[in-house]
Amino acid sequence: MITFSMDNPTPPKINQNISRCPPSVDFQDRLDTSARSVQPCAKLLTALPAVILAIGFIFLIYLQASISTGVFYNGDCGLKALQTMQIASGNFRTSLELSGTQWEKELWAQGMYPFDAPFAYRVGDKYFVQYPYFFPLLSAPFYFVLGYHGFYLIPVLSAFLLWVCLLYAANRMRCHPLETSLLLLILIFASPVTLYSAILGEQTLALLLAFGGIVILLFPPSRITRGRSASLAGFLVGIASWFRPEMYCLGIAVIISMFLWKILQRTAVNPSRFLTSFSLSFLILILHNLIVFQSPFGVRSNEIMSGLAIAERLQVYRIVMSSLWNAVAYFFPLIFVPVLLAVGIWINRERKLSGESLFCSLVIVLYVLTVPAIVPNFGGKQWPPRYFLILAPLTALLIGNMFLSLARKWRRIHSYLLAAAILGLTTWCIRVNTIEGYEYLSHEYAQRAAPPVDFLMRSPLHNVAVSNQYLSQEFAFATQSKV
């Protein structure tokens with residue numbers, strides 16, 4: 001105890017060196033060690049999205065290894081392959097030109113042509129495939145250089161670039177690396193999109209163009225103004241509709257959503273720029289159809305213009321809508337997550353969505369309502385639902401934006417529970433679309449048509465007769481040098 005006398009009120013001096021004692025060397029070492037241990041964890045988290053992209057790319061290659069030469073996922077692919085090979089040989093005609101002797105061509109003229117409606121149509125003395133000419137035109141150089149696997153180069157590259165578009169959008173939204181990784185998991189492994197990279201077709205290319213346009217519209221690069229980004233977005237979505245007709249519905253949905261977004265939130269978006277460029281791309285396609293087919297809507301103009309009675313059309317609409325939503329509920333139930341997030345935002349008394357979330361929500365709703373009105377059926381043989389494939393990247397984008405709105409305002413435990421629920425649903429979708437999807441696709445390529453295709457490719461026969469056009473489509477590559 002320190003005491004001092006009243007006779008000497010000056011307190012004794014305390015050793016000032018006590019307060020200047022250096023911190024414990026052991027304590028300082030622990031601080032340095034802790035700081036050094038945090039840095040590798042931060043670097044690992046930052047690299048996680050790139051790791052997922054790399055694993056996804058390996059999965060793309062793995063899917064390619066399951067493809068058997070000459071075997072297609074469905075007959076549609078056979079017709080696309082025939083036209084691609086025709087262009088690669090130097091014949092750039094838009095009509096399908098099959099080689100044959102005079103007596104064989106006479107049989108075709110009498111109605112025994114290997115292909116018929118709704119897959120191929122006769123216009124005058126020529127036959128046209130119903131599928132867009134542009135995809136075979138783009139694929140032909142790769143087939144000429146790489147051979148059979150050149151058919152699949154555009155689907156593979158389009159799928160990978162689609163993931164890059166989502167990564168760019170996540171970075172622009174300032175997502176945490178864990179959130180970005182979750183969005184990539186949703187698109188790469190939890191959605192049906194990746195499987196279509198191993199199916200000969202234009203689906204992934206159309207998705208890349210359409211989703212890329214929407215990303216540029218919402219998150220324009222720093223060197224591009226809002227007006228120019230709207231023009232570029234409209235043109236990209238319009239070009240996507242050259243490959244897939246359902247993308248017309250997406251373009252219309254985007255235009256309406258932009259006008260509503262501008263009215264509701266008074267944003268700086270420019271719907272007129274998007275509308276102009278989208279309409280220009282549509283007019284270019286109509287001009288092409290008039291030159292080639294003498295009709296504005298292509299080779300199927302008669303079917304489109306004739307149509308069905310209103311009652312029949314409504315019945316088809318109801319059946320297609322029901323089938324598509326049943327498929328979505330099983331193959332991609334993550335589409336319902338934004339609804340739960342919107343409820344959470346409402347409960348959190350935020351009372352409004354961000355501009356990007358409002359826009360994406362409107363696009364999804366309008367697209368879903370309009371697509372069943374223009375498609376003829378549920379989609380045929382497919383890994384469902386191919387008419388709703390664009391919903392996968394849009395849903396991932398919407399989940400990312402809405403999750404950020406909640407996570408930054410909720411308590412940490414609530415954010416963790418929400419992320420765990422989304423991750424659990426993502427796990428289910430990964431099991432369906434990656435594990436079951438790969439097993440199904442590899443079985444189709446290895447078992448369904450491989451034995452007869454292999455026989456035909458080895459057979460010295462020059463003439464092959466089949467009972468229906470579906471077999472002609474299936475054996476298109478194997479019989480390319482036969483008739």
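Source: prediction; values computed, not measured.
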- Task: Take the angle between the ring planes of Tyr438 and Tyr62 and call it parallel below 30°, perpendicular above 60°, tilted in between.
- Result: parallel
- Query: Could you go step by step and tell me if Arg172 and Tyr168 meet the side-chain hydrogen bond (donor to acceptor under 3.5 Å, both in side chains) rule?
  - Reply: CA-CA 6 Å; Arg172 289 295 303 271; Tyr168 167 79; 2.8 Å; yes
- Message: Quick one about Glu97 and Ser95 (side-chain donor to acceptor, distance below 3.5 Å, no hydrogens or angles considered), yes or no?
- Response: yes
- Query: Can you say whether the rings of Trp261 and Phe359 are parallel (under 30°), tilted (30 to 60°) or perpendicular (over 60°)?
  - Reply: tilted
- How are the rings of Tyr127 and Tyr113 set relative to one another: parallel (under 30°), tilted (30 to 60°) or perpendicular (over 60°)? parallel
- Task: Check whether more than 12 heavy atoms from other residues, nucleotides or ligands sit under 6.0 Å from atom OH of Tyr470, and answer yes or no.
- Result: no
- Message: How long is the straight-line distance from CG of Leu96 back to OH of Tyr121, given to the nearest 0.5 Å?
- Response: 14.5 Å
- Message: Check the orientation of Tyr148 and Phe151. Use parallel for under 30°, tilted for 30 to 60°, and perpendicular for over 60°.
- Response: perpendicular
- For the pair Leu391 and Val368, evaluate side chain to side chain contact (heavy atoms under 4.5 Å, CB included) and give the outcome as yes or no after the intermediate values. CA-CA 9 Å; Leu391 299 186; Val368 166; 3.8 Å; yes
- What distance separates Leu162 CG from Leu208 CG, expressed to the nearest 0.5 Å? 6.0 Å
- Item | Gap between atom CZ of Arg386 and atom CD1 of Ile199 - 0.5 Å precision | 9.5 Å
- Determine the interplanar angle of the Tyr131 and Phe119 rings, folded into 0 to 90°, and report it as parallel if under 30°, tilted if 30 to 60°, perpendicular if over 60°. tilted
- Please say whether more than 12 non-hydrogen atoms of neighbouring residues, nucleotides or ligands are located less than 6.0 Å from CZ in Phe455. no
- Look at the aromatic rings of Phe388 and Trp325 and report parallel, tilted or perpendicular, splitting at 30° and 60°. perpendicular
- Calculate, to the nearest 0.5 Å, the distance between atoms CG and OG1 belonging to Leu138 and Thr84 respectively. 9.5 Å
- Task: Assess whether atom NZ of Lys381 is packed by more than 12 heavy atoms of other residues, nucleotides or ligands within 6.0 Å.
- Result: yes
- How many angstroms lie between OH in Tyr387 and SG in Cys249, if you round to the nearest 0.5 Å? 11.0 Å
- Rounded distance (nearest 0.5 Å) linking atom CD of Glu474 with atom SG of Cys77: 9.0 Å
- Decide, yes or no, whether a salt bridge links Lys80 with Asp76 under the criterion of side-chain N to carboxylate O below 4.0 Å. no
